[in-house]
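Start at 1 with the first residue, then count along the sequence.
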Amino acid sequence: MKADRQKEILRLIRENSIGTQEELARALNEGGQKVTQATVSRDIRELHLTKTGDGHGGQRYVEYHASEPHLNEKYVRVLKEGFVSMDSAGNLLVIRTVSGMAMAVGAAIDGLRFEEIIGSIAGDDTIMCAVHTPEGVARLMKKIRGILGK
C-alpha cells in the first residue's frame with residue numbers, strides 16, 4: 001500500500017506541476033488513494049522530494065537524487081550556467097550549451113543521476129543523452145526544465 005502510494009506520488013509529480021502537500025493529497029485522493037496531509041508529508045520526506053521553480057513564478061515538487069547534496073548544488077549551478085536549449089529525437093535528448101561548456105554540463109547531468117539516461121556524450125557545445133524510451137525523454141526534459149525554472 002505504502003509502496004504503491006509512493007509510486008503514484010512520483011508519477012503525479014513527474015506528470016503534473018504540484019507545489020503543495022495539499023495539492024498532492026487532493027490528487028492522490030481523487031485517484032483513489034485515501035491519504036491525509038500528514039501521510040503525504042512523511043512520504044515527501046521518505047522520497048527525498050524537493051521543490052524547484054515551475055517556470056511560472058511558483059514552485060513544484062521534483063525528485064532529488066542525491067547521495068552528496070553539496071555536489072548536487074554545484075551540478076545544478078553548472079547546468080544553469082551552461083544550458084542554452086534542448087530538443088528530442090526519438091529516445092535521444094540533445095542539449096545545446098554555451099561554447100566550451102558541454103563537457104562540464106554533461107558531467108553535471110551525469111552527477112545528477114537522472115534514472116532515464118543510459119549514457120551521454122559531450123562535444124564542445126552539444127550533449128547527446130541516450131534515454132531508455134521516448135517517454136523517458138519527455139520526463140527528463142520536464143525535470144531539467146524544473147531545475148532550470150523554465
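Electrostatic pairing of R77 and E73 does not count as a salt bridge here, judged by no charged N lying under 4.0 Å from a carboxylate O. At a threshold of 4.0 Å, the pair E116-K143 counts as salt-bridged, since one of the basic side-chain nitrogens sits closer than that to a carboxylate oxygen.
By the criterion of side-chain heavy atoms lying less than 4.5 angstrom apart, applied directly or through intervening Ile, Leu, Val, Met, Phe, Trp or Tyr residues, M103 is not grouped with L79; the two fall into different hydrophobic clusters.
Put simply, the side chain of D87 never gets that close to the backbone of V94: no donor and acceptor are under 3.5 Å apart. Checking side-chain atoms of E23 against main-chain N and O of G19 turns up a donor-acceptor pair under 3.5 Å. Side-chain atoms of N29 come within 3.5 Å of backbone N or O of V35 as a donor-acceptor pair. Side-chain N or O atoms of R96 include none that pairs as donor or acceptor with a backbone N or O of F83 at under 3.5 Å. At least one donor-acceptor pair under 3.5 Å links the side chain of R60 to the backbone N or O of N16.
Of all the heavy atoms in M101 and T97, the pair that sits closest is C-OG1, 3.7 Å. A108 approaches Y75 most closely through the heavy-atom pair CB-O, 3.4 Å. In plain terms, the two heavy atoms of D125 and S99 that are nearest each other are CB-CA, 4.0 Å. When every heavy atom of C129 is checked against every heavy atom of I127, the shortest pair comes out as SG-CG2, 3.9 Å.
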Q) After noting the C-alpha distance and the side-chain angles of V76 and L148, does the key distance pass the side chain to side chain contact (heavy atoms under 4.5 Å, CB included) rule? A) CA-CA 8 Å; V76 168; L148 296 170; over 6 Å; no
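Atom-to-atom distance recorded for I44:CD1 and Y61:OH is 3.5 Å, nearest 0.5 angstrom. The OG atom of S120 sits 7.0 Å away from atom CD1 of I109, with the distance rounded to the nearest 0.5 Å. How far CG of L140 is from CD1 of I144: 4.0 Å, rounded to the nearest 0.5 Å. Rounding to the nearest 0.5 Å places CD of E46 at 9.0 Å from CD1 of I9. Taking CG of L24 as the start and CD of E8 as the end, the distance is 9.5 Å to the nearest 0.5 Å. Between K142 atom NZ and I147 atom CD1 the span is 13.5 Å, to the nearest 0.5 Å.
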